[in-house]
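Beneath this line is the structure, given in structure tokens, with notes to follow.
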2 protein chains.
Amino acid sequence: MASLPVVNQPPHQCGALLDHLSRRVRTRSETVLAPLGLRPRHLLTLTVLRDHGSSTQQALAATLGIDSTNLVGLLNDLEADNLIERRRSPEDRRRHVVDLTDVGAKKLAKAELAMAAVEDEALAALTLEQREQLYSLLQQATATTDIAACVGAEDESVPPVMYR
Amino acid sequence: MASLPVVNQPPHQCGALLDHLSRRVRTRSETVLAPLGLRPRHLLTLTVLRDHGSSTQQALAATLGIDSTNLVGLLNDLEADNLIERRRSPEDRRRHVVDLTDVGAKKLAKAELAMAAVEDEALAALTLEQREQLYSLLQQATATTDIAACVGAEDESVPPVMYR
DNA sequence: GTAAGTCATTTGCGTAGGGCAAACCATTTA
DNA sequence: TAAATGGTTTGCCCTACGCAAATGACTTAC
């Protein structure tokens, strides 16, 4: 009962560093995304839609961690540019299912191309291999989403795509 | 001119994922930091001060990537609680050198303890080992700071501590 | 020694992000 | 038919944050 000595030492704190790095990337990204008519939140939304597959607005709001009333405006932006599509769910016509359009996918690709320059700068201290490592860790950490519990529990009709 | 086929494929994009994960951690962290009288930005500042060592306000602003006028208010908060200390630089008395106080270090430790719970939740999908990996990648990525070029160039009197 | 530049500070302004609540419509469920 | 739910709109609020201008203290160049 002598409380496992070595095993239990707390892991280092990622929170602040995450904040730090993400701030750096985000501020720079604003600059390169602006010409495309996008802002960081749009990029995030498009990315989530591609990586997690289409989803209900509620579920999407939960995944993104933003208020659903704010999501509406966000989606309005994206829909106005034809980057996403809202369909009424056949099973429950109250719901909107949000989908990435072809235009949206292309725009996303273009945005990521622009972002590459930003990341080259912000992640300059990492080797390419390390960047990949970082990517997969982030991917893995964000994959388990509130949505998984939420949607998976009652609406598994469209299994999310995950990873690309 | 057939453009190198395999070698040059772009690495995956971390930007959006960073944004995503950091938002999750940040929003939750607000809750657990509030009782300590801190907000995420304070935690970030204290962390940077500990990990990078004391620095000029200008340098600190550059590192944090925030406007120096905004930093003033932030430091006022921290100084009011005696968590940091502003000393006039002996070499150039126009400058303030910002230092973490003992109280600040303790508060930081306490804050990190509170953050552990948040990270346990937000990074639940990662093993402890992976969290350490993530930590060191983030540490490495943020270590090369604008400050390094800036301060290192002309004021190396106090070599930054880096890593703990 | 005077003038010009620099650092920190304060104040004020503007914008964006984003939570929250209320009211509304369409639709489903009890 | 009544109650609950998903999405939408509007309106209010607070926080974060950049930018600009003015001030005082100090340093450096002439």
Side-chain angles (χ1 to χ4, degrees), chain A residues 19-20 22-24 26-31 33-34 37-45 54-80 84-99 147 150-151 153-155, chain B residues 19-20 22-24 26-31 33-34 37-45 54-62 64-80 84-99 147 150-151 154-155:
Chain A
D19 212 354
H20 195 173
S22 123
R23 174 199 303 278
R24 282 197 193 174
R26 184 158 20 87
T27 47
R28 290 167 215 257
S29 73
E30 279 165 12
T31 314
L33 290 179
L38 295 177
R39 266 167 302 163
R41 350 167 30 213
H42 298 130
L43 177 61
L44 175 54
T45 308
S54 53
S55 95
T56 303
Q57 289 194 197
Q58 270 196 337
L60 190 54
T63 305
L64 294 174
I66 68 175
D67 194 88
S68 59
T69 65
N70 287 323
L71 180 60
V72 174
L74 223 173
L75 293 182
N76 286 349
D77 293 346
L78 295 174
E79 199 175 36
I84 60 131
E85 196 180 32
R86 282 189 256 219
R87 291 178 295 104
R88 296 221 91 108
S89 165
E91 300 105 36
D92 184 342
R93 293 186 36 75
R94 287 171 301 182
R95 292 186 188 172
H96 277 164
V97 175
V98 183
D99 263 317
I147 200 184
C150 185
V151 155
E154 67 164 21
D155 179 14
Chain B
D19 213 355
H20 196 173
S22 121
R23 173 199 303 276
R24 283 197 192 174
R26 184 156 21 86
T27 48
R28 290 168 215 254
S29 74
E30 278 165 13
T31 314
L33 290 179
L38 296 177
R39 267 167 300 164
R41 350 169 29 217
H42 298 130
L43 177 62
L44 175 54
T45 308
S54 54
S55 94
T56 302
Q57 289 194 199
Q58 270 197 337
L60 190 54
L64 294 173
I66 68 175
D67 193 271
S68 59
T69 65
N70 286 322
L71 180 61
V72 174
L74 223 174
L75 293 181
N76 286 348
D77 293 347
L78 296 174
E79 200 175 34
I84 60 132
E85 196 179 32
R86 284 189 255 220
R87 290 178 294 104
R88 295 222 91 108
S89 166
E91 301 105 35
D92 184 342
R93 293 186 36 77
R94 287 170 301 181
R95 292 186 188 171
H96 278 165
V97 175
V98 183
D99 263 318
I147 198 184
C150 185
V151 157
E154 67 165 22
D155 179 17

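When reading the values below, keep in mind they use all heavy atoms of this one structure, side chains included, and skip hydrogens, waters and symmetry mates. Note on naming: letters A, B, ... go to the chains in the order of the sequence lines (proteins, then strands), and numbering restarts at 1 for each one.
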Interatomic distance, A:Arg86 CZ vs C:dT27 P [rounded to whole Å]: 16 Å
Round to a whole Å and report the spacing from CG of A:Leu75 to P of C:dG18. 13 Å
Do the non-hydrogen side-chain atoms of B:Leu78 and B:Arg41 ever get within less than 4.5 Å of each other? no
Pick one: which of B:Arg26, B:Arg23, B:Arg24 meets salt bridge (charged side-chain N to carboxylate O under 4.0 Å, His left out) with A:Asp19? B:Arg26
Can you work out whether B:Gln57 or A:Arg39 has the more 5'-proximal nearest nucleotide on DNA chain C? B:Gln57
Whole Å only: how far is the CZ atom of B:Arg93 from the P atom of C:dT6? 20 Å
How many whole angstroms separate atom CG of B:Leu74 from atom P of C:dT10? 13 Å
In whole Å, I'd like the distance from the CZ atom of A:Arg88 to the C1' atom of C:dA26. 6 Å
B:Asp67 side chain, from C-beta outward: closest of D:dT27, D:dC19, D:dT8: D:dC19
Can a side chain N or O of B:Asn76 be found less than 4.0 Å away from OP1 or OP2 on C:dA8? no
Can you figure out which of D:dC17, C:dT9, C:dG17 approaches the side chain of A:Arg23 most closely? D:dC17
Nearest to the A:Thr69 side chain among D:dG7, C:dG18, C:dC20, which nucleotide is it? C:dC20
Side chain proximity check, B:Ser68 to B:Gln57, heavy atoms < 4.5 angstrom: no
Quick one: is C:dT9 close enough that its OP1 or OP2 comes under 4.0 Å of any side-chain N or O from B:His96? yes
Using whole Å, what does the distance between atom P of nucleotide D:dC17 and atom CG of B:Asp77 come to? 12 Å
Value in whole Å for how far the P atom of D:dC26 lies from CD of B:Glu91: 15 Å
How do A:Arg41 and A:Pro90 order along DNA chain C: which one's closest nucleotide is nearer the 5' end? A:Arg41
Answer with yes or no whether B:Arg94 presents, from its side chain, a donor or acceptor under 3.5 Å of a partner atom in the base of C:dT6. yes
What about B:Asn70: does its side chain form a donor-acceptor pair under 3.5 Å with the base of D:dG18? yes
Is there a side-chain contact between A:Thr45 and A:Ile84 in this structure, where contact means two heavy atoms from C-beta onward sitting under 4.5 Å apart? no
Atom-pair distance (CZ on B:Arg95; P on C:dT9), nearest Å: 14 Å
On a heavy-atom basis, the closest approach of A:Gly37 and A:His42 is O-ND1, 4.5 Å
